[in-house]
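These notes are about the structure you will find just below.
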Amino acid sequence: MRPPPNPRAPQNMGAPQNMSAPQNMGAPQNMGAPQPRDVALLQERANKLVKYLMLKDYTKVPIKRSEMLRDIIREYTDVYPEIIERACFVLEKKFGIQLKEIDKEEHLYILISTPESLAGILGTTKDTPKLGLLLVILGVIFMNGNRASEAILWEALRKMGLRPGMRHPLLGDLRKLLTYEFVKQKYLDYRRVPNSNPPEYEFLWGLRSYHETSKMKVLRFIAEVQKRDPRDWTAQFMEAADEALDALDAAAAEAEARAEARTRMGIGDEAVSGPWSWDDIEFELLTWDEEGDFGDPWSRIPFTFWARYHQNSRSRFPQTFTGPIVGPGATASANFAANFGAIGFFWVE
């Protein structure tokens, strides 16, 4: 007699192609082969995950794998690696976006633009002025030996007219922005200096910053502001060049592993061949934890997502983050960052 089905397993779902089906040692040998996976069900759930990730990314707070499992994958937890990989494929092919795991211990994910796409994630969001300031902060940290004390950073910001405790019309509460918002988004790491008494604190690059920009891009920004050659800062240039080479090696290894996984799972162009609909987005699953009126959930999707999907176009504009600081609708923010940089980096020797 065939053993009773697992009530938690989806109908017509056999073992995923990249793993062997569990063997029941007590079952008769003539049970027959397991039922084939229902690829359509897997792809449907992957498409829901794509929409969920794009909306969830609005706050720039890294997305937890546990949230994906709880909110979208649900009863398909035994095949979640394939659902996530299928979602990654759709994000890349339809939108020019990569899902990156930035913390393999806490399993935190972010969305960034693919190297092949210049359509940006950051370029036209409401947070672009903040990201312009962030670029300056990352530069201050890098040029101070990859860590900047709170005193050094605020001294640089004071020269730009920014002080702790003030509320800026574009940036909001500055201390909260630096020590809470950017930290929560993993752009910055804010920690106490060991053995400091009285306590002192310092800023470092956060995990997200290493994926959305690079030391070489930040150094080139500083050089452009000062109208100098990045190689004028020999130590920083060599450090940035070494990091860039390591990043290329890591990206090549990741791409090879991903291609092998997709081959095993049978993921190909058919995953993006069908019609696309936004009608099944479950907005009630999203967390509205920012100030403001979010009566229109569609406003959470950056414009460039839509441009990438509908036009499959390429931006002509340079990038400093994986989304352009300079681009359509972002000129004011580009000037904002450049003007801050001109003031903030005048002291760099």
Side-chain angles (χ1 to χ4, degrees), residues 5-22 33-58 62-101 107-114 117 119 121 257-287 297-298 300-302 304-312:
N6 182 350
R8 295 180 65 248
Q11 294 297 317
N12 299 324
M13 288 272 293
Q17 291 182 3
N18 65 329
M19 62 181 74
S20 0
Q35 294 295 317
R37 292 171 306 126
D38 192 329
V39 174
L41 283 177
L42 290 177
Q43 192 60 54
E44 179 186 11
R45 196 56 58 98
N47 291 344
K48 287 184 177 182
L49 181 58
V50 167
K51 301 160 194 175
Y52 174 84
L53 292 170
M54 290 172 66
L55 293 174
K56 193 81 170 173
D57 183 67
Y58 179 85
I63 304 159
K64 299 177 182 178
R65 181 191 293 174
S66 58
E67 293 173 334
M68 300 185 215
L69 293 169
R70 179 195 66 207
D71 294 341
I72 300 297
I73 295 175
R74 296 173 183 166
E75 71 271 22
Y76 296 97
T77 52
D78 54 337
V79 287
Y80 81 85
E82 181 171 349
I83 292 176
I84 291 178
E85 194 58 50
R86 286 181 173 276
C88 289
F89 188 85
V90 173
L91 283 167
E92 291 172 16
K93 298 301 181 181
K94 277 190 178 291
F95 300 99
I97 300 167
Q98 282 184 336
L99 179 67
K100 295 284 293 185
E101 186 176 15
H107 302 297
L108 302 178
Y109 295 79
I110 63 172
L111 298 182
I112 63 174
S113 293
T114 60
S117 169
I121 295 178
R258 175 152 282 173
E260 291 176 357
R262 289 174 179 175
T263 298
R264 290 196 309 269
M265 297 174 181
I267 301 174
D269 289 340
E270 72 284 347
V272 293
S273 60
W276 185 262
S277 171
W278 297 93
D279 294 340
D280 57 348
I281 293 181
E282 300 180 54
F283 289 115
E284 66 274 9
L285 297 176
L286 302 173
T287 302
W298 298 106
R300 294 177 62 129
I301 302 180
T304 45
F305 281 176
W306 296 99
R308 175 68 177 171
Y309 174 62
H310 289 295
Q311 301 173 14
N312 197 27

Subject >> Atom pair CD1/NZ of Ile110 and Lys100 - distance to nearest 0.5 Å >> reply: 8.0 Å
Original post:
Can you tell me how far NZ of Lys51 sits from CD1 of Ile72, rounded to the nearest 0.5 angstrom?
Top reply: 9.5 Å
Do [X] and [Y] come close enough that some side-chain heavy atom pair is under 4.5 Å?
X: Arg45; Y: Arg74; answer: yes
X: Lys64; Y: Leu108; answer: yes
X: Tyr52; Y: Glu67; answer: yes
X: Leu99; Y: Leu111; answer: yes
X: Leu53; Y: Leu49; answer: yes

Original post:
Got a sec, which residues hit side chain to side chain donor-acceptor pair (under 3.5 Å) with Arg262, two or more places apart in sequence or on another chain?
Top reply: Glu85, Glu92
Heavy-atom pair with the smallest gap, counting every atom of [X] and [Y]:
X: Arg258; Y: Cys88; value: NH2-SG, 3.8 Å
X: Phe89; Y: Gly268; value: CE2-O, 3.1 Å
X: Val272; Y: Lys94; value: O-NZ, 3.8 Å

**OP:** With sequence neighbours left out, write down each residue that passes side chain to side chain contact (heavy atoms under 4.5 Å, CB included) with Glu101, or none if nothing qualifies.
**Re:** Arg65, Lys104, His107, Tyr109
Subject >> Partner set under side chain to side chain contact (heavy atoms under 4.5 Å, CB included) for Ala46, not counting sequence neighbours >> reply: Gln43, Ile83, Arg86, Ala87
**OP:** Scan Ile97, Leu91, Leu55 and name whichever one has a side chain to side chain contact (heavy atoms under 4.5 Å, CB included) with Val50.
**Re:** Leu91
